[in-house]
Amino acid sequence: MGEFDAEIYDIVRQIPPGRVVTYGQLARLAQRPRWARRAGRALANAPEGLPCHRVVNSSGRLAPGWPAQRELLEREGVTFRRNGCVDLSKHLWEEIAPIA
DNA sequence: CAGTTGACTTGCA
DNA sequence: GTGCAAGCCAACT
């Protein structure tokens, strides 16, 4: 595994419960702004125990072929819109702490 | 080696 | 809100 993948996993482990981040955000935080797709690939091959259910795409859409993800998020208090997407305006993780 | 694919994003209609 | 096109870049055929 490359350093990028390790960086992604490290960041994902720091996502607080009840919050979500986008693949693009992960890529930026790992200092590879254009590697959103590769971030997705890294998570597809993610080690067990990684809270990768807190990662969604820019629209708040969940990972395909993984119905359990929604339940995991709901369990943490994440709310969903009627179209089945995460309400990003409420649950998107702020990379930089808000000023006071 | 060339073409396709994907847990993506942004922009425009 | 939805849908489509282009851009993206490593991994896979």
Side-chain angles (χ1 to χ4, degrees):
Chain A
M1 139 193 353
E3 290 190 12
F4 177 78
D5 302 69
E7 184 81 21
I8 291 297
Y9 298 152
D10 211 41
I11 296 168
V12 170
R13 274 187 282 266
Q14 298 178 47
I15 306 172
R19 294 292 185 90
V20 299
V21 296
T22 69
Y23 300 95
Q25 237 178 328
L26 285 179
R28 284 194 300 272
L29 290 170
Q31 303 182 326
R32 290 288 184 284
R34 321 255 169 110
W35 287 25
R37 298 190 100 122
R38 212 187 168 311
R41 187 170 294 281
L43 293 186
N45 193 17
E48 212 170 312
L50 189 80
C52 50
H53 61 276
R54 296 177 188 143
V55 184
V56 300
N57 74 4
S58 64
S59 308
R61 185 102 176 79
L62 303 185
W66 189 21
Q69 182 177 16
R70 174 165 180 155
E71 192 178 347
L72 288 169
L73 288 171
E74 286 178 333
R75 193 177 176 181
E76 297 180 348
V78 173
T79 60
F80 289 75
R81 309 200 55 150
R82 214 167 69 222
N83 58 4
C85 293
V86 172
D87 192 338
L88 291 179
S89 64
K90 292 179 182 168
H91 302 292
L92 185 63
W93 186 43
E94 312 267 346
E95 342 178 348
I96 303 176
I99 307 173

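Below, chains carry the letters A, B, ... as their sequence lines are ordered, and counting in each starts from 1. These figures come from a predicted structure and were not determined experimentally.
Contacts of A:T22 with the nucleic acid, taken as non-hydrogen atoms under 4.0 Å apart, involve only primed sugar atoms and P, OP1 or OP2. As judged by a 4.0 angstrom heavy-atom cut-off over every strand, A:A36 is placed among residues touching the sugar-phosphate backbone only. Across all strands shown, A:R81 has heavy atoms under 4.0 Å from sugar-phosphate atoms exclusively, and none from any base.
Atom OH of A:Y9 and atom C1' of B:dA7 are 12 Å apart (whole Å). When the C1' atom of B:dA7 is taken as reference, atom CG of A:D5 falls 14 Å away, rounded to whole Å. For the pair A:N57 CG and B:dC8 C1', the computed distance is 7 Å after rounding to whole Å. For A:L26 and B:dG6, the CG to P distance is 21 Å, given to the nearest whole Å. In this structure, CZ of A:R34 is placed 9 Å from C1' of C:dG7, rounded to the nearest angstrom. Rounded to whole angstrom, the span from the CZ atom of A:F4 across to the P atom of C:dC8 amounts to 17 Å. A:Y23 places its OH atom 19 Å from the P atom of C:dA10, with the value rounded to the nearest Å. Rounded to an integer number of Å, the gap from CD1 of A:I8 to P of C:dA10 is 14 Å.
Look at A:R54 and A:E76 and you find a salt bridge, because one of the NZ, NE, NH1 or NH2 atoms lies within 4.0 Å of a carboxylate O, short of that distance.
Taking atom P in both C:dG7 and B:dA7, one finds a spacing of 22 Å when rounded to whole Å.
Residues A:I8 and A:R38 have side chains not in contact (no heavy-atom distance under 4.5 Å, counting atoms from C-beta outward).
Considering only side-chain atoms of A:P64, the nucleotide from B:dC8, B:dA7, C:dA10 that sits closest is B:dA7. Relative to the side chain of A:A63, the nucleotides B:dC8, C:dC8, B:dA7 differ in distance, and B:dA7 lies closest.
Along DNA chain C, the nucleotide closest to A:R41 and the one closest to A:C85 are compared, and the more 5′ of them pairs with A:C85.
Tracing side-chain contacts under 4.5 Å through hydrophobic residues (I, L, V, M, F, W, Y), one reaches A:V21 starting from A:Y9; they form part of the same cluster.
Between A:R38 and the phosphate of B:dC8, there is no side-chain N or O to OP1/OP2 separation shorter than 4.0 Å. Remark: A:N83 is in phosphate contact with C:dT2, judged by side-chain N or O atoms under 4.0 Å from OP1 or OP2.
Judged by a 6.0 Å distance limit and a 45° cone about the ring axis, A:R70 is positioned over the six-membered ring of A:F80.
Counting atom types as modelled, A:R37 pairs a side-chain N or O with a base atom of C:dC8 as donor and acceptor under 3.5 Å.
Between the side chain of A:Q25 and the backbone N or O of A:W93, at least one donor-acceptor pair lies under 3.5 Å.
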